[in-house]
Q: 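Once you've had a glance at the structure underneath, I'll fire off some questions.
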Amino acid sequence: MKEREVRRTWMHIDMDMFYAAVEIRDNPSLKKKPVAVGDNTMITTTNYIARKYGVKSAMPGFIGRKLCPHLVFIKPNYPKYRQASDQFKRILAIYDPKLESVGLDEANLDLTDYLVDNKMDNDLGKIFIAQKIREQIFMDMGMTASAGIACNKMLAKICSELNKPNGQTYMYNDEVEILKFMMDLPVRKIPGVGKVNEHILSGLNIYSCKDLVEKATEVYVTFTEYAFQFLVKSALGMARVMHEKEEGVVAQRSMGVSCTFRPIHRYNQFREKLFRLAAELESRAHQNKVMGKTLVLEFKSFKFETKIKSMTFPHYLYSQNQFKKYGILLLNQAWPIEAIRLMGLRLSNMRDRRKDKGVKVCPEVQINDADLIEPPGGPDGNQQETQDQGDGGNNQEEDKIVFSDTMHHPSNDQNNANLDDEGIEDPEIEQKHDEENMKHAKEKLFKQKYGPGEKKKKKIKGEKEILSENSRSIQSWNNVPRFHMDKIMGKSEKEKRQERVQKILKKQNQRGIESFMNESDKYLSKSDHFVKQFEELSKIKNKNDGINNCRQIRNKLKKKEERQQKDIDSGMFGVPKSFKPI
DNA sequence: ATACATACC
DNA sequence: TACTGGTATGTAT
């Protein structure tokens, strides 16, 4: 990554309580009432009156009602919000045609070009233009928005939160200002640092961005290179300054559907859900004119544990029958499964169907009785009941109805008639592709059962050093911070790392750290201090020390979690004990 | 390539 | 009674 870049201007703009605002606009009598968009199970948005009662988004509706008995619930109307969102984005596109949207109510704009073209590339111009955009939104839509203006996306986003609702915050493009601001900022405010990573950092006694920079060595040893760079750079207020995508169209990488229901456990029920999802996924894939090579089946158990089965095929899939047929393979692979409350089906490894005349396309397959045979393991996932009891007993029939109801070939769909002229190959080839896909799948399943015939050579993976431009977050650690001591024990590895530390300091963060040091006036020399700390840590020759350190942190986290669990169990937060599933 | 975890709205 | 759903992407194996 380059050095700190302060010459560009980004604005992050965010509609205030978007869904609720749309509803209030359409029904002004709601204006003075506490409003929640959502239902009894989940609230998606609330207005500021409801927020005064502590009713917030992502809160179950029944708790919201408890906190605020006269809360007005409104059923979400997503098409309406999408329409409003389009209008919002049309206004923004005047200022940056390449704007990046985040959900329906947020966007990142690179205002640099607009400001330069209009000879407004100065502090006043930037403040003025953000004001103007917000006014235009208010005039056209009757809704307010909040904005943050700064030299990069991350800072702009953080700033947009500071003056809500109907306000804006401008951050000067000045390194000292930025560092001053960042130092007191809790790490959680870094977009990409969520609950878990906040937790892990707290285990290292890191709470503010200042802590993060001061304890960079610990972070370096605890996290991967990639995450380390992300965290330290973010703490210094550095983030990407260029657009993620070159031109217009966003290349969506995966597409999926899922639904939540009362727990089910019978094979027939599973298959029924799968078939519904397949039909839904087909229509989505169709609308977006995409096909995909990888199919992912997701289950969420009654205990809220998520399981995933996925398979990549040699040929592209696009129709519900394909999703059903290959989805069954995934289902059978996972069977038996304990009772679940959610199932999802996702297509990834996607391509645009229209552009792929010569591409390998899986044919419209037929589903026959053989595909509907239950796998070994019985009709129940983990239950002992007999099949005739409960609401799932008659599912064989239900499946057939659902199946035939929704089954149709894409070519029957008038909207998409043109697709088939371009995308589909002749039936013989299609047949061949289906056979190849099946063969592929069977080989996979066989290998999985009996093990691979030949061991693959293990590839030595180079560590990811470059922070990808569109990355937002550090990802999973299995809930436990990993000490990578084993990696740095090897002499050459250690040397390499020390070199990297020097390099990071000299080439990337030096200016940032320098300013930081001047501010805090705590250290004599930036790199000396850093390297010294690193050497101290590297002295831990015994791997067990590293593991013990890791254990300490893990125990800390565990205890904290237990305490929180106790609070929940004891009925704090107004959450009934029965709320936690088993 | 597969499975899983985290994050964001 | 009752804690979403969709997309993206890092990490481990």
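Here is the naming used below: chain letters follow the sequence lines, and residue numbers restart at 1 for every chain.
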Q: Within the 4.0 Å heavy-atom criterion, would you say Asp105(A) contacts the bases, only the backbone, or no part of the nucleic acid?
A: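 Sugar-phosphate, no base atom in range.
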
Q: For Arg65(A) and dA2(C), give me the distance from atom CZ to atom C1', rounded to whole Å.
A: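 Interatomic distance, CZ of Arg65(A) to C1' of dA2(C): 11 Å.
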
Q: Figure out the NE2/C1' separation between His199(A) and dA5(B), and round it to whole Å.
A: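 From His199(A) NE2 to dA5(B) C1': 16 Å.
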
Q: What's the closest nucleotide to the side chain of Lys307(A) if the choices are dC4(B), dC9(B), dA2(C)?
A: dC4(B)

Q: Taking only N and O in the side chain of Ser310(A), is any of them less than 4.0 Å away from OP1 or OP2 of dA3(B)?
A: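 Indeed, a polar side-chain atom of Ser310(A) lies that close.
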
Q: Does this structure show an ion pair linking Glu338(A) with Lys303(A), if we count only N-O contacts that are shorter than 4.0 Å?
A: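 A salt bridge is present here (some side-chain N lies under 4.0 Å from a carboxylate O).
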
Q: Give Leu342(A) one of three labels, base, sugar-phosphate or nothing, depending on what nucleic acid heavy atoms sit under 4.0 Å from its own.
A: sugar-phosphate

Q: Working to the nearest 0.5 Å, report the span between OG of Ser310(A) and CG of Leu347(A).
A: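 With rounding to 0.5 Å, OG (Ser310(A)) is 11.5 Å from CG (Leu347(A)).
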
Q: Of the candidate nucleotides dT2(B), dG5(C), dT4(C), which contains the atom at the shortest distance from the side chain of Met42(A)?
A: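 Of dT2(B), dG5(C), dT4(C), dT4(C) is nearest to the side chain of Met42(A).
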
Q: Can Glu280(A) and Arg276(A) be counted as an ion pair, charged N to O under 4.0 angstrom?
A: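 Here Glu280(A) does not pair with Arg276(A) in a salt bridge, since their nearest N and O are not under 4.0 Å apart.
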
Q: I need the NZ-C1' distance between Lys75(A) and dG5(C), as an integer number of Å.
A: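 Atom-to-atom, Lys75(A) to dG5(C), this comes out as 16 Å.
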
Q: Side chain of Thr260(A), heavy atoms from C-beta onward: which of dT4(C), dA7(B), dC9(B) has the nearest atom to it?
A: dT4(C)

Q: Looking at Asn47(A), Thr144(A), Asn166(A), Thr45(A), which hits side-chain hydrogen bond (donor to acceptor under 3.5 Å, both in side chains) with Asp16(A)?
A: Thr144(A)

Q: Is there a donor-acceptor pair under 3.5 Å between the side chain of Gln87(A) and the backbone N or O of Ala84(A)?
A: no

Q: To the nearest 0.5 Å, how far apart are NZ in Lys80(A) and OG in Ser85(A)?
A: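 The OG atom of Ser85(A) is 14.5 Å from NZ of Lys80(A), to the nearest 0.5 Å.
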
Q: Let's see if you can work this out: which of dT4(C), dA2(C), dG10(C) has an atom nearest to the side-chain heavy atoms of Ala58(A)?
A: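 Closest of the options to the side chain of Ala58(A): dT4(C).
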
Q: Which nucleotide, dA2(C), dT2(B), dC8(B), lies nearest any side-chain atom of Met311(A)?
A: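 Given the options dA2(C), dT2(B), dC8(B), the side chain of Met311(A) is closest to dT2(B).
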
Q: Below the 4.0 Å mark, does dC9(B) have OP1 or OP2 next to a side-chain nitrogen or oxygen of Lys157(A)?
A: yes

Q: What integer distance in Å separates Glu298(A):CD from dT6(B):C1'?
A: 13 Å

Q: Tell me whether the side-chain N/O atoms of Arg341(A) come closer than 4.0 Å to OP1 or OP2 in dT4(C).
A: yes

Q: Separation of Lys309(A) atom NZ from dA1(B) atom P, in whole Å?
A: 17 Å

Q: Rounded to the Å, how far apart are Gln287(A) CD and dG6(C) P?
A: 13 Å

Q: Have a look at Gly194(A) and say if it touches a base, only the backbone sugar-phosphate, or nothing, with a 4.0 Å heavy-atom cut-off.
A: sugar-phosphate

Q: Closest approach to the side chain of Thr312(A), judged atom by atom: which nucleotide of dT2(B), dA7(B), dA12(C) is it?
A: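 Ranking dT2(B), dA7(B), dA12(C) by closest atom to the Thr312(A) side chain puts dT2(B) first.
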
Q: Please confirm whether the shortest side-chain N or O distance from Ser258(A) to OP1 or OP2 of dG6(C) is below 4.0 Å.
A: yes

Q: By nearest nucleotide on DNA chain C, pick out whichever of Phe261(A) and Met350(A) is the more 5' one.
A: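 Nearest-nucleotide comparison on DNA chain C picks Phe261(A).
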
Q: Report the nucleotide, chosen from dA7(B), dG5(C), dA8(C), that has the shortest atom-to-atom distance to any side-chain atom of Val196(A).
A: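 Within the option list, the nearest is dA7(B).
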
Q: Should Asn40(A) be listed as having a side-chain N or O under 4.0 Å from OP1 or OP2 of dT1(C)?
A: no

Q: Check the distance between dT11(C)'s P and Leu231(A)'s CG and give it to me in whole angstrom.
A: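 Leu231(A) atom CG is separated from dT11(C) atom P by 10 Å.
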
Q: Arg346(A) side chain N/O closer than 4.0 Å to the phosphate oxygens (OP1, OP2) of dT7(C)?
A: yes

Q: Thr224(A) side chain N/O closer than 4.0 Å to the phosphate oxygens (OP1, OP2) of dT11(C)?
A: yes

Q: What's the closest nucleotide to the Ser254(A) side chain, out of dA8(C), dA3(B), dT11(C)?
A: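 Nucleotide nearest to Ser254(A)'s side chain: dA8(C).
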
Q: Looking at dT7(C), I'd like to know if its phosphate oxygens (OP1 or OP2) sit under 4.0 Å from a side-chain N or O belonging to Arg253(A).
A: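 Checking Arg253(A) against dT7(C): no side-chain N or O falls below 4.0 Å of OP1 or OP2.
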
Q: What integer distance in Å separates Lys56(A):NZ from dT4(C):P?
A: 19 Å

Q: Quick one: is Arg284(A) getting a side-chain N or O under 4.0 Å of the dT7(C) phosphate, OP1 or OP2?
A: yes

Q: State plainly whether the residues Lys164(A) and Asp14(A) are in salt-bridge range, i.e. N to O under 4.0 Å.
A: yes

